Protein chains: 2
Amino acid sequence: MTKRVVNSSDVAKLAGVSRSAVSRTFTPGASVSPEVREKVLKAAKKLGYRVNRLAQTLNARGSSNLVGVVGANIGMPFIAKQLDLLSLGLLHKGLQCLLLNAADARQDIAPLIELIFEFRAKAIVVLSGEPPNAILEECKRRGVKLILINRMMEATDADLILTDDLGGARLAAEELLAAGCRKIAVVTSGSGTPSQQRRAAEFCRIVNAAGGETLDWADGPTSYETGLAAGRALLGDRSLDGAFCVTDLLATGFLDAARHEMGLRVPEDISIVGFDDIPQASWKSYNLTTIAQSFDALTDAVLSAVDHEGDIVEVSTIPVQLIRRNTVRA
Amino acid sequence: MTKRVVNSSDVAKLAGVSRSAVSRTFTPGASVSPEVREKVLKAAKKLGYRVNRLAQTLNARGSSNLVGVVGANIGMPFIAKQLDLLSLGLLHKGLQCLLLNAADARQDIAPLIELIFEFRAKAIVVLSGEPPNAILEECKRRGVKLILINRMMEATDADLILTDDLGGARLAAEELLAAGCRKIAVVTSGSGTPSQQRRAAEFCRIVNAAGGETLDWADGPTSYETGLAAGRALLGDRSLDGAFCVTDLLATGFLDAARHEMGLRVPEDISIVGFDDIPQASWKSYNLTTIAQSFDALTDAVLSAVDHEGDIVEVSTIPVQLIRRNTVRA
DNA sequence: CCTCCCGTTGCACACGTGTTCAATTTGCAC
DNA sequence: GTGCAAATTGAACACGTGTGCAACGGGAGG
C-alpha cells in the first residue's frame, strides 16, 4: 500500500472537470465559472487536497516565495528578537522562512547560502557572518536579493540595512560626558564585527575630542560572560567613572561584575550605557540606560527590501534612541 | 533579457554527455565513470550549476527533507535556545528548517501546519500551541511525522517529547521543604499550558502532603512582567517564605519584585525556585536556583523522532536536574 | 572464438503544477 | 434569427530532476 498524496488530477476527476480548472480555482484572478469553482472546492475538500508548493514553484519561471535567513547564535536575546519579528513579518506577507543557523559567528556562511540557492529562494537575509564576494556576485547573477543586516559596509551589490551606529555612539558619549565622566571604558567583543567597531570608534572619537580618556577592551565572544570578564579586568582601576558597552549583553555582564564582584555602586560610582535595548535591559535588576534600535524599522526595511525589485541597491538606516533608565548618574 | 538559471541539460551539453550523467554525478552512490564525473563537475563549476532541490523533491516519491517548525514567541530565552539547538541539529543532519512563527501562543496554529503540508515537509515540530485533532489525523494520513514538544498529553498519533515535569516539581518541592518553607507561592501564567499545569499541580500535591501550604497565582502571559505582577500581588503577605515559579522568566520577575519593590531579601526572607535554567538564571543578579532540562536530550529526541520511520509513536522524556544557586536558604 | 557478467550510458517516463492557445459556449444587441 | 464579443474550458507544453529499462562495451573464463 502506497500512501499517495492527492493530485490536482484526482480532484479534477472527482469534480468531473479538467485539471486546468482545478489549477485555476486555486489561482487568484484566474477565470473560472462559479459553479465549476464550487465543484472543485467541494471535491478538493473531500479529498483533502493541498497545492504542492514545490511543483508550483518549479513551474513558475524564476524563484519561489521562500526567503532564506542565515544567522548564528539565534539564542541570544537581540538576535532572537530580530528573528521573531522578521519571521512574523515574512509570514504575514505570504513569504516562507527557511532558517539556516550557523554554529558560530565565525563559521563560513558560504555553504549555507549556497544551500539556499538550491532552494531557489527569492531573497537571502544575512544576520551574522560575512558572505565572501563570490557569493555577492552569484546572488546578482541569479537575481536573488541579498540583504545584509549590520554587515560589511563596502558591499555594493547587496541591500544594506544598517543601524545608526554613529548616532547611537554619539548619544551614549554625550550622555556619559554630561554625567561628568572623564575616564570611560569601551567594551567590545573580540569578534570585530563592523557594527561594534563603528560604535566603539565613534564613541572614542567624540569622548577624546571632548578631552575625555577612553580605555579599550576587545576580547571573547559577544556574551554576558565577556562583559563579566571585562568588568573584572578593568574595574580594578578605581579612577574609571564610566563605561560604554557596545552591546547590552556585554553591559549586563559588566554591570554585574561591578556590583557583585568589585563592590561598586551603579550609577553612583560608575555610569554604564549599553546598546540594543534587549528585553533584559529593562529588568529591575539592571535598569540599563541604553541605545534602542527600532525593531519595527528594521523589520520594515527587510520586508521592503525583499519586495523591492530592480537593480538599484537600497541602504536603509535604522534610527536609534536613547533610553534613560538608571545606570547613569543624574 | 531573461536571467535563466542553469539547467542540468546545460551542463550536459557543455560536458558532452547525457543529462542522466549529470544527475548521477550529483547523486551519491550512482554509477558514473570517473572521467565522465570529472567532465561534468568541470562543466558544472564553469556554469555555476546547482541542483534544484525543489525539482529534486518533486521527483522523489514522497516528501522532501524539509522539516517544519511551528512556534510562538521565538524571542523568549527558553524557546530561542530550543530553536537554536534544534535548527543547528537539523542542519547538521542534512535537513532544512522551515520556520513558521505564530504571532501569539493562543493563535490557531492549524493554518500554519497546513502551510507546511503544502511544502511536503517530512516532519513537523510543534513548539507552541496545540494542533486540533483534525491536524493529527491529516498528518497520519499524509505520512508526515508530527512531533509535539511539551504539548497535549492525550495525543496518541504524534510523537511526544515531554519534560519530566513531575520529577522537576518534586525536586523543587523537596528543596523548598528542606529549606524549611511552610507557605509557598506557586506562580504560573494564565496560558494554562499542560506543562505548566503539571508542574504546579504536582508541586502543590507534594507540599500539601508534607503539611505545607500553597498559594496559587495564574494570570497573564508567560513573561517577566507577569512574574513581577505576581510578586507585587502576593508578597504583601509576609508569612510567605517560599515560591515556586514554573518558568524562569516568571521567577526573574518575581525575584525582582521581591528585592526591588517589596524590600525583601532573597533568600533570607523568601526562597525561590524556577524552572528551565534559561541563560539569565545564571547571571549574577539572579543566581537562581532552578530545574534544568537537558537541551541536548531534547534536541536528540527531536532528531531521532524525525528519522524514526514506522507507525509506532515514540514518547521521550527529557530528564531534569536541580541546579543549586543562591535563591534558596541553606 | 564464444559466452557470460558487470559496469556504464542514454532514452524515456514520472513527479505536480501554471499557463498559452485554440475551441467552445454564453451573453447581448440588432 | 443572426452576428459578434466576451467568458469559459480543455489539451498540450514547460519547469528540472531521479530512475527503470534496455543497449552497449569490455574483460574473464571456458
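A note on names: the letters A, B, ... follow the listed sequences, proteins ahead of strands, and every chain is numbered from 1. Since the structure is predicted, the reported quantities are computational estimates derived from the model, not experimental observations.
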| Salt bridge between R142(B) and E138(B), side-chain N to carboxylate O under 4.0 Å? | yes

Only pairs under 3.5 Å count here: list side-chain donor-acceptor contacts from residues 26-42 of chain A, not counting sequence neighbours, and write none if there are none.
from	atom 1	to	atom 2	distance (Å)
T27(A)	OG1	S23(A)	O	2.8
S33(A)	OG	V36(A)	N	3.4
R37(A)	NH2	T25(A)	O	3.2

| remark: Sequence neighbours excluded, the answer for side chain to side chain contact (heavy atoms under 4.5 Å, CB included) partners of P111(A) is D108(A)

| query | Is the phosphate of dG16(C), meaning OP1 or OP2, less than 4.0 Å from a side-chain N or O of S8(A)? | reply | no

| query | Looking for any heavy atom pair under 4.0 Å, which part of the strands does Y49(B) touch: base, sugar-phosphate only, or nothing? | reply | sugar-phosphate

| note | Winner on side-chain proximity to N59(A), out of dT19(D), dT17(C), dG16(D), is dT17(C)

| field | Validation row: L91(B), L115(A) side chains within 4.5 angstrom (heavy atoms) | value | yes

| task | Starting at atom CZ of R37(B), determine the distance to atom P of dT9(C), rounded to an integer number of angstrom. | result | 11 Å

| message | Applying a 4.0 Å non-hydrogen cut-off, can you work out what V51(B) is touching in the nucleic acid: base, sugar-phosphate, or nothing? | response | sugar-phosphate

Strictly under 3.5 Å: I want the nitrogen or oxygen pairs between protein and nucleotides 4-13 of chain D, one per line.
from	atom 1	to	atom 2	distance (Å)
dT8(D)	OP2	S31(A)	OG	3.3
dT9(D)	OP1	S33(A)	OG	2.7
dT9(D)	OP2	S33(A)	N	3.0
dG10(D)	OP2	S18(A)	N	3.2
dG10(D)	OP2	S18(A)	OG	3.2
dG10(D)	N7	R24(A)	NH2	2.7
dG10(D)	O6	R24(A)	NH2	3.1
dA11(D)	N6	S20(A)	OG	3.2

| query | What integer distance in Å separates L58(B):CG from dT17(C):C1'? | reply | 8 Å

| Salt-bridge present (E118(B), R53(A); N to O < 4.0 Å) | yes

| said: Between F119(B) and F119(A) (judged by ring centroids, cut-off 6.0 Å), do the two rings come close enough to count as a pair? | reply: no

| How close or far is atom P of dG16(C) from atom CZ of F117(B), stated in whole angstroms? | 17 Å

| task | For L47(B) and dG16(D), give me the distance from atom CG to atom P, rounded to whole Å. | result | 14 Å

| field | Presence of N7(A) side-chain N/O under 4.0 Å of dC15(C) phosphate oxygens OP1/OP2 | value | no

| said: Quick check on the 6.0 Å ring-centre criterion: do Y49(A) and F117(B) meet it? | reply: no

| task | Would you indicate whether the side-chain heavy atoms of S195(A) and R151(A) approach each other to under 4.5 Å? | result | no

| d(CG, N52(B); P, dT17(C)) in whole Å | 16 Å

| query | How long is the line joining CZ of R120(A) and C1' of dT17(C), in whole Å? | reply | 17 Å

| message | If I take atom CZ in residue F26(B) and atom P in nucleotide dT19(D), what distance separates them, rounded to the nearest angstrom? | response | 15 Å

| query | Just checking T27(A): base, sugar-phosphate only, or nothing, at a heavy-atom cut-off of under 4.0 Å? | reply | sugar-phosphate

| task | With axes from five pairs an end, tell me the bend angle of the helix from dC1(C)-dG30(D) to dC30(C)-dG1(D), nearest 10°. | result | 40°

| Just how far, in rounded Å, is C1' of dG18(C) from CG of L54(B)? | 15 Å

| Residues that L14(B) engages under side chain to side chain contact (heavy atoms under 4.5 Å, CB included), provided they are two or more places apart | A43(B), K46(B), L47(B)

| message | If the condition is side chain to side chain donor-acceptor pair (under 3.5 Å), which residues does D307(A) pass it with, not counting sequence neighbours? | response | K93(A)

| request: Could you tell me whether R50(A) contacts a base, only the sugar-phosphate backbone, or nothing, with contacts defined as non-hydrogen atoms closer than 4.0 Å? | output: sugar-phosphate

